[in-house]
Structure formats: C-alpha cells, structure tokens
Amino acid sequence: MKRIVSIVLALLLMRRPHSPDTDANGDDMTCHTDNNKHLPFACSVCAKRFTQKGHLIAHTRTHTGEKPFACSVCGKGFSRKGDLRIHSRTHTGEKPFACSFCGTRFRQKGDLIAHTRTHTGEKPFACSVCSTRFTQKGHLIHMRTHTGEKPFSCTVCGKSFSKKTNLTAHTRTHAGEKPFACLVCGKGFTQKGHLMAHTRTHTGEKTFISTFFSILHI
DNA sequence: CTCTTGTAGGGAAAAGCCCGGG
DNA sequence: TCCCGGGCTTTTCCCTACAAGA
Ligand SMILES: [Zn+2]
Ligand SMILES: [Zn+2]
Ligand SMILES: [Zn+2]
Ligand SMILES: [Zn+2]
Ligand SMILES: [Zn+2]
C-alpha cells in the first residue's frame, strides 16, 4: 500500500509540467545544466538525480520494492546490503553505541542520539500551535490534540482514537456487550453518545471532519 | 473510594534512505 | 565503478502517569 502511494506520488511529479518561466530563466538554466553534470544519474520514476549510478540503482529499489539481500537468520529482505548488516545486530545482540551519561547501549547511532536527548533535555521539535517542544519528531502526533484528528476507529463500537495503541487497548475492553442499539440499522454501541453520533449518519447530518475521514476510508 | 477506562506524553527498536569516500 | 559505512530520518510500538467517571 505504502509503495503504491509512493509510485502515485512519483507519477504526479513526472506529470508536473515544467514551468516555462523557469526554463526562460538564465540563472536557473545554468543551475539545471550544472545539476546534470554533477548529478548525471536520474531516476526514471521520480526524476531525482544522483552522483553515482550505484546510488540510482539503490534508490530505484524504493519504487520497485526489490529486496535482494535476505537475512540468513529470519529471511527478512533488504534493499541494501548495509541495511542487512544493521539488521543482523538484532540477532547477534550487538549494541556498539553506549550512552556516556548512563551507559545504556544501542544498536544504532541514531538511537543513541535520540536517547541522549533524554539526558540533555534538548527538544528540537516544536508544536506549531502551542509551541510545546518534543524530543522526537514523531511526537508531534501531539498535534491531533489540537485538530481532533482520530484516524483509528473501533470496529465494534465505532469510537475513534487518535493513537492506534489506544484503540488496541480499547478493543480489549470489549466483551461483546452493546447496550445501545440503533433504531434504524440495529447496530449496537457501548455508550449512548456513540449511538447519538451514529444516528446522525442516517439523518444525513455529518460534521466536516467525519466527512473528511469517510472519504479517506479511515 | 476504588476500579475501569480514556488520554497523551515520552522512550525505544527497527527500518528506510541518502551520501561521501576508498 | 563498485562497494562500504556513516549519518540522519521515519515508522511503529511500548510503557506509563494521570484524569475522568461509574
Ligand atoms: Zn525515484
Ligand atoms: Zn534477520
Ligand atoms: Zn543515557
Ligand atoms: Zn500543541
Ligand atoms: Zn469499541
């Protein structure tokens, strides 16, 4: 699925017409030919350019999904040999990178860097709404507390959650009881509020947000 | 008051990807 | 040119404190 999305995006990039304005621009033209000299190898799918042919070949695998290097232990495939080497540490237990503050060891350098921020207090990522700062970029999922986005819906009661793990925890609470049944379609709900929200989908009243997510089939 | 459930912050593992240099 | 490894980013999951409420 993810690869399909990337291919679609790549096709969209290909279809994007070259701007006549920039083509007529002398400076841009110079830059363009300079790029062709310095980055002679272009991806035929997304038009990214590379300094070496091998780099292009490796990049192409991000479109094709080809994974020529398989782990001899678990069979998992990788697009790059170096990535396979890193992966092999999960089997050997090798953790070459030690935290200078607490001694905890990590398999990957980046993991140590992220961990070190827990000691230094460095928080490079700021919420654009409330300016709260975070140690990891992924923690900006915090933004959903502002937008109300809840992409993960329970298949049993329909309640939505902002985080997948919270939905998973919620799902475990279901023991099969659905006390509030919809008078139109019979669908059951655990809470009255859920039924009320559901009933509105029959009367045609939808919030913008729910319409948005139903379009995305989330 | 206590037990259950919802919310969200924060840490980490693993994978993904680009780049320079031997 | 081929190949290796460094460096950084992204994705996914886990643990947990705390709040809300029955
Ligand atoms: Zn490409
Ligand atoms: Zn393996
Ligand atoms: Zn440490
Ligand atoms: Zn915020
Ligand atoms: Zn549910």
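For clarity, every value in this text was computed on a predicted model and none was experimentally measured. Lettering of chains follows the sequences in order, A, B, ..., and the numbering in each one begins at 1.
To the nearest angstrom, P of B:dA15 lies 18 Å from NZ of A:Lys81. Between A:Ile57 atom CD1 and B:dC17 atom P there is a gap of 16 Å when expressed in whole angstrom units. Atom pair A:Asp111:CG and C:dC14:C1' shows a separation of 14 Å (rounding to whole Å applied). Atom CD of A:Gln52 and atom C1' of B:dC18 are 11 Å apart (whole Å). Note: CG (A:Asn166) to C1' (C:dA19) measures 13 Å, nearest angstrom. Rounded to whole Å, the distance from NZ on A:Lys150 to C1' on B:dT7 is 9 Å. Between the C1' atom of C:dT9 and the CZ atom of A:Arg107 lies a distance of 19 Å, rounded to the nearest Å. Computed from coordinates, the A:Gln108 CD to C:dG5 C1' distance equals 13 Å when rounded to whole Å.
Between A:His87 and A:Phe78, the gap from one ring centroid to the other is short of 6.0 Å. Aromatic ring centres of A:His139 and A:Phe125: separated by at least 6.0 Å.
The aromatic ring of A:His59 does not stack onto the base of B:dC18, failing the criterion of a centre distance under 5.5 Å from the six-membered base ring together with planes under 30° apart.
Counting heavy atoms from C-beta on, the side chains of A:Ser153 and A:Leu167 never come closer than 4.5 Å.
Nucleotide C:dA19 forms a Watson-Crick or G-U wobble pair with B:dT5, both donor-acceptor distances falling under 3.5 Å.
Looking at heavy-atom distances under 4.0 Å, A:Lys163 makes contact with a base. Residue contacts for A:Arg144: at a heavy-atom cut-off of 4.0 Å it reaches no nucleic acid atom on any strand shown.
Taking each heavy atom of A:Ala98 and A:Gly103 in turn, the nearest pair found is CB-O, 4.3 Å. Listed here is the closest heavy atom pair of A:Ser131 and A:Ala126: O-CB, 4.5 Å.
When distances run from any side-chain atom of A:His142 to the nucleotides B:dT5, B:dG20, B:dG9, the shortest one goes to B:dG9. Checking B:dG11, C:dC3, C:dT1 against every side-chain atom of A:Thr118, the shortest atom distance belongs to B:dG11. Comparing B:dA8, B:dG16, B:dT7 against the side chain of A:Lys159 picks out B:dT7 as the nearest.
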side-chain contact (heavy atoms from CB on, under 4.5 Å) evaluation trace for A:Arg107 with A:Ile86: CA-CA 8 Å; A:Arg107 273 188 243 292; A:Ile86 299 289; over 6 Å; no

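Classification of the A:Phe161-A:His170 ring pair by plane angle, with boundaries at 30° and 60°, yields tilted.
The phosphate of B:dG16 has neither OP1 nor OP2 within less than 4.0 Å of any side-chain N or O from A:Arg80. Note on A:Lys137: a side-chain N or O is less than 4.0 Å away from OP1 or OP2 of C:dT10. Here A:Thr135 reaches the OP1 or OP2 of B:dG11: one of its side-chain N or O atoms lies under 4.0 Å away. Note on A:His139: every side-chain N or O is 4.0 Å or more away from OP1 and OP2 of B:dG10.
At a non-hydrogen distance threshold of 4.0 Å, A:Arg85 from residues 83-106 of chain A come into contact with DNA chain C.
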Enumerate, atom names and distances included, each donor-acceptor pair closer than 3.5 Å involving a side-chain atom of residues 115-123 of chain A, sequence neighbours excluded.
| residue | atom | partner | partner atom | Å |
| --- | --- | --- | --- | --- |
| A:His115 | NE2 | A:His119 | NE2 | 3.1 |
| A:Thr116 | OG1 | A:Leu112 | O | 2.8 |
| A:Arg117 | NH1 | A:Thr135 | O | 3.0 |
| A:Thr118 | OG1 | A:His115 | O | 2.6 |
| A:Thr120 | OG1 | A:Glu122 | N | 3.2 |

